[in-house]
Amino acid sequence: VVSPPPPAPAAAPAKPAPVAAAMDLLDLGGAFDPTPTQTQDSTSVDVFAPAPAPAPAPSIPHATPAAAPVPVPAVDPFAAANLLSSVSNAPLGGMAPGPVGAPPVSDQFVHGGAPVAPLSITTPQFGGKWGPCPYQKSAVVPGSHLQNLQQFMEVLVAAGLHGVEAIAATNEGIAAGQVGQTILLVHGKLGAGGQVNFTVKSTDQGTANGLASWLSARLGR
């Protein structure tokens, strides 16, 4: 009887491959040092010490209040301009004392065939034009038919002038007109007994004389 061959010896188990050292992704530049780095605080703080006082706020200078404006007293534009400084109690030149002659035919003042037209200006504008006008004619009508300032202003408007302003407190009135390029300015003041003192200023002497004669005749009706 033939015996079977003995079984082959079992192979030795393979040795495991050596495990490579694990790479530290947080320390790519060198070997991993497991010892933690210690940070030394060079300043020692006493938590029980009182907190320092806050720095004082910078002082803000107080603004000095502006002084209140000084009120300017109202000025009478007529008195300031001294409009009647050259008026005397003499009648118009060339006219004898006594009743004024017949009034002109026209109810509106006409000079050189041209009627006067109203010049619409304010009282300050009137004062600004009064001084520069180089020619003037003043007159006094001692016994006019006027009883109040309103009637005087109506005569000025009837002449074709613009009634600029009437001041009842002083019985003064002003008016302005124009004949072509010639300016006419009138200032008058009513006195006792119907007396009227007035001055005509103009950029032309002949026109000023003509209006003064017209007003004297009209006021003396």
Handout entry: Connected via hydrophobic side-chain network under 4.5 Å: Ile121 and Ile174
Key = yes
Fill in the blank from the handout: In this structure, CG of Leu215 is separated from CG of Leu211 (nearest 0.5 Å) by 4.5 Å
Practice task
Report yes or no: does Thr203 contribute a side-chain atom to a donor-acceptor pair with the main-chain N or O of Ile183 at less than 3.5 Å?
Solution key: yes
Exercise for the section: Could you tell me the separation between the OG atom of Ser144 and the CG atom of Leu190, rounded to the nearest 0.5 Å? Expected result: 6.0 Å
Practice task
Apply the test side chain to side chain contact (heavy atoms under 4.5 Å, CB included) to residues Val200 and Leu185: give CA-CA distance (whole Å), side-chain angles for both, the deciding distance (0.1 Å), then the verdict.
Solution key: CA-CA 6 Å; Val200 178; Leu185 305 174; over 6 Å; no
Fill in the blank from the handout: Rounding to 0.5 Å, atoms CZ (Phe126) and NE2 (His187) come to a distance of 7.5 Å
Practice task
Could you tell me whether a side-chain N or O of Lys137 sits under 3.5 Å from a main-chain N or O of Thr199, the two making a donor and an acceptor?
Solution key: no
Problem - Exam field: side chain Gln108 to backbone Val116, donor-acceptor pair closer than 3.5 Å - result: yes
Handout entry: Donor-acceptor contact below 3.5 Å, side chain Gln195 vs main chain Gly191
Key = no
Exercise for the section: Identify, with sequence neighbours excluded, every residue that meets side chain to side chain donor-acceptor pair (under 3.5 Å) alongside Gln205. Expected result: Asn209
Completion exercise
CZ of Phe109 to CG of Leu161, rounded to nearest 0.5 Å, is 9.0 Å
Handout entry: Shortest non-hydrogen contact between Gly180 and Gln178, atoms and distance
Key = O-CG, 3.3 Å
Problem - side chain to side chain contact (heavy atoms under 4.5 Å, CB included) assessment of Thr182 paired with Ser202 - result: CA-CA 7 Å; Thr182 301; Ser202 177; 3.3 Å; yes
Completion exercise
Here the pair of heavy atoms bringing Arg218 nearest to Ala158 is NH2-CB, 4.1 Å
Exercise for the section: Give the intermediate values and the outcome of side chain to side chain contact (heavy atoms under 4.5 Å, CB included) for residues Phe198 and Val141. Expected result: CA-CA 8 Å; Phe198 70 87; Val141 180; 4.1 Å; yes
Exercise for the section: Keeping the roles fixed (side chain from Lys201, backbone from Trp130), state whether a donor-acceptor pair exists under 3.5 Å. Expected result: yes
Problem - N/O donor-acceptor pair under 3.5 Å between His111 side chain and Gly210 backbone - result: no
Problem - Exercise: identify the closest heavy-atom pair between Gln125 and Thr122 - result: OE1-N, 2.9 Å
Handout entry: Test applied, side chain to side chain contact (heavy atoms under 4.5 Å, CB included); reference residue, Val186; option that passes from Leu156, Val155, Val164
Key = Leu156
